[in-house]
2 protein chains.
Amino acid sequence: MSWTIATFNVNSVRSRLPVLERWLNNSKVDVLCLQETKARDEDFPLQAFVDMGYFVAFRGQKSYNGVAIASLEEPDEIVYGFDDGKEPVFDTRALSVRFGDIWVMNTYVPQGKSIDHDDYMVKQEFLRRTQTTISDRISDGKRVLWVGDMNVAPEEKDVANPKNKAKHVCFHRDIRDLFGTVCQGLVDVFRSHRPEEGEFSFWDYRVKNALDRNIGWRIDHILASPDLAKLSSDSWIYRDPRGWEKPSDHTPVLASFDL
Amino acid sequence: MSWTIATFNVNSVRSRLPVLERWLNNSKVDVLCLQETKARDEDFPLQAFVDMGYFVAFRGQKSYNGVAIASLEEPDEIVYGFDDGKEPVFDTRALSVRFGDIWVMNTYVPQGKSIDHDDYMVKQEFLRRTQTTISDRISDGKRVLWVGDMNVAPEEKDVANPKNKAKHVCFHRDIRDLFGTVCQGLVDVFRSHRPEEGEFSFWDYRVKNALDRNIGWRIDHILASPDLAKLSSDSWIYRDPRGWEKPSDHTPVLASFDL
DNA sequence: GCAAATCGCG
DNA sequence: CGCGATTTGC
């Protein structure tokens, strides 16, 4: 059976409902991980997801952050934030659901602002904690999918102009190295199917005709433990929604598995 | 030939385009006077009016005020504000167009805030200057239509609760008397056709279910010099748009004439 | 360039 | 309540 997961930074789940409905009413997406929902839990448009046939776990705050996982099947377990006993919990930036022996972790990794900003340290700490969480789950005999807006472009071909991005918090050597470390033992499912350049999932609103000129970033990722990765049949970026009415600045990244 | 004029406080002409298009693409309105357009001239949605077949004269500012007159026929003359040589000109609150020997004056009379506020004095001065303008034009042998948001409910039946409105700047004895004076020699065209109570053109957004409960005001008026008034075939309030999506807090008032 | 929040206003 | 303007964030 073909099982599809998607990650999509929506930049406000309420503003993006028309885009989400247009997409999901015409596609089978089994698990949908959203970032930047920008809605308090009491403001989350739960009914819209229920109407599309989804269960949905979500945790948000006003204005910033916020994550959700919508799924056609009800998850067996939900973890808000990191359950490693440390502070802060980051419950509006990390959310995990378990289906049987598969953990799906959805993260909105802090952007980091600039390499000399405190937030950049927070970003690194956040990544280290994802690594711990993934390791713990693998040690526990589980299979793992880690998806989300990672705010890291792993390779030169993952940004439009790598030359002038050396000091960018999403492309600095240090953050790419750290991200590489966290990804040790995981497979970049998208890249394993699509090795070519020019594949982006985010185009800044402020860059003129960014989509047409394809000046973007690949910072939204789908990573899998090897046992799952070898069951993956395809992975692709669904570019269309970035060109629809009132788009997010990101577009969905998907992967299918033969489970 | 039946000739129809309408007055409509749009509360932002840009926000009200869907309402205006829904209305005007299904009705013949020869002259449409708008108030509270809330758009600088460079921001006025001229093309939308051109697409509906209108000429349009407009003068606005950001955030507040702003008037426009759209007409199927091109006017012979346009006057922005008051042309009596006095200051202030009030060019974003008063606008006149002439078709042959008929002057159409469109005003957004200042609300006045409170009876002890300077703006209430400005309101009175504004009304006195409309009186002068109308008198001058009649003396000049012209026929006159004065329409707009007058911010005066002339009679008890023109407000939902006259008892507790005695000190309201739109219903105080003094402002009604002054408005009555300005209207000397003119006919309240709407009232001449519709004498019954409960006829309102404005329902405050802040009053819960104001439209259903009909808690409103009749402060938008169509007044005509007697020569024109006797040619009027009907006058009515078009209530529907107040119930449409994203409505103004006002609704159009119309009058038809056999010219 | 978008989105949300806050604010002044009626 | 719902406009526009302003500010902040990415």
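Worth saying up front: this structure is predicted, and the values here are computed from it rather than measured. Here is the naming used below: chain letters follow the sequence lines, and residue numbers restart at 1 for every chain.
When the side-chain contact (heavy atoms from CB on, under 4.5 Å) test is applied to Thr181(B), the partners found at least two apart in sequence or on another chain are Gln131(B). Residues passing the ring pair (Phe, Tyr, Trp, His ring centres under 6.0 Å) test with Phe126(A) are Phe82(A), Phe90(A), sequence neighbours excluded. When the ring pair (Phe, Tyr, Trp, His ring centres under 6.0 Å) test is applied to Trp203(B), no partner is found at least two apart in sequence or on another chain. Under the side-chain contact (heavy atoms from CB on, under 4.5 Å) criterion, Asn161(B) pairs with Asn164(B), Lys165(B), not counting sequence neighbours. In terms of the ring pair (Phe, Tyr, Trp, His ring centres under 6.0 Å) criterion, residue partners of His168(B) (sequence neighbours excluded) are, by chain and number, Trp217(B). Arg129(A) is linked by a salt bridge (Lys or Arg N to Asp or Glu O under 4.0 Å) to Asp84(A), counting only residues two or more places apart in sequence or in another chain. A search for salt bridge (Lys or Arg N to Asp or Glu O under 4.0 Å) contacts involving Lys163(B) returns Glu156(B), not counting sequence neighbours.
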Protein N or O to nucleotides 5-7 of chain C N or O, pairs below 3.5 Å:
from, atom 1, to, atom 2, distance (Å)
dT6(C), OP1, Lys62(A), NZ, 3.2

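The one candidate from Trp146(B), Phe190(B), Phe202(B), Phe179(B) that meets the ring-ring contact (aromatic ring centres under 6.0 Å, His included) condition with His221(B) is Phe179(B).
For DNA chain D, none of the residues of residues 153-162 of chain A falls under the heavy-atom distance limit of 4.0 Å.
Boundaries of the chain B contact region on DNA chain D are dC1(D) to dT6(D), first to last in 5' to 3' order (nucleotide atom under 4.0 Å from a heavy atom).
Residue pairs meeting the salt bridge (Lys or Arg N to Asp or Glu O under 4.0 Å) criterion with at least one member in residues 118-128 of chain A, sequence neighbours excluded: Lys113(A)-Asp119(A), Glu125(A)-Arg128(A). Among pairs with a residue in residues 40-52 of chain A, those fulfilling side chain to side chain donor-acceptor pair (under 3.5 Å) read Arg40(A)-Asp43(A), Asp41(A)-Arg59(A), Gln47(A)-Asp51(A), at least two apart in sequence or across chains.
Checking Tyr64(B) against Lys208(A), the closest nucleotide of DNA chain C that is more toward the 5' end is the one next to Lys208(A).
The phosphate of dC9(C) has neither OP1 nor OP2 within less than 4.0 Å of any side-chain N or O from Arg206(B). Taking side-chain N and O atoms only, Lys246(A) has a distance below 4.0 Å to OP1 or OP2 of dA3(C).
Atom CH2 in Trp203(A) sits about 15 Å away from atom P in dC2(C), given to the nearest Å. For the pair Asp119(B) CG and dC9(C) C1', the interatomic distance rounds to 12 Å; values are reported in whole Å.
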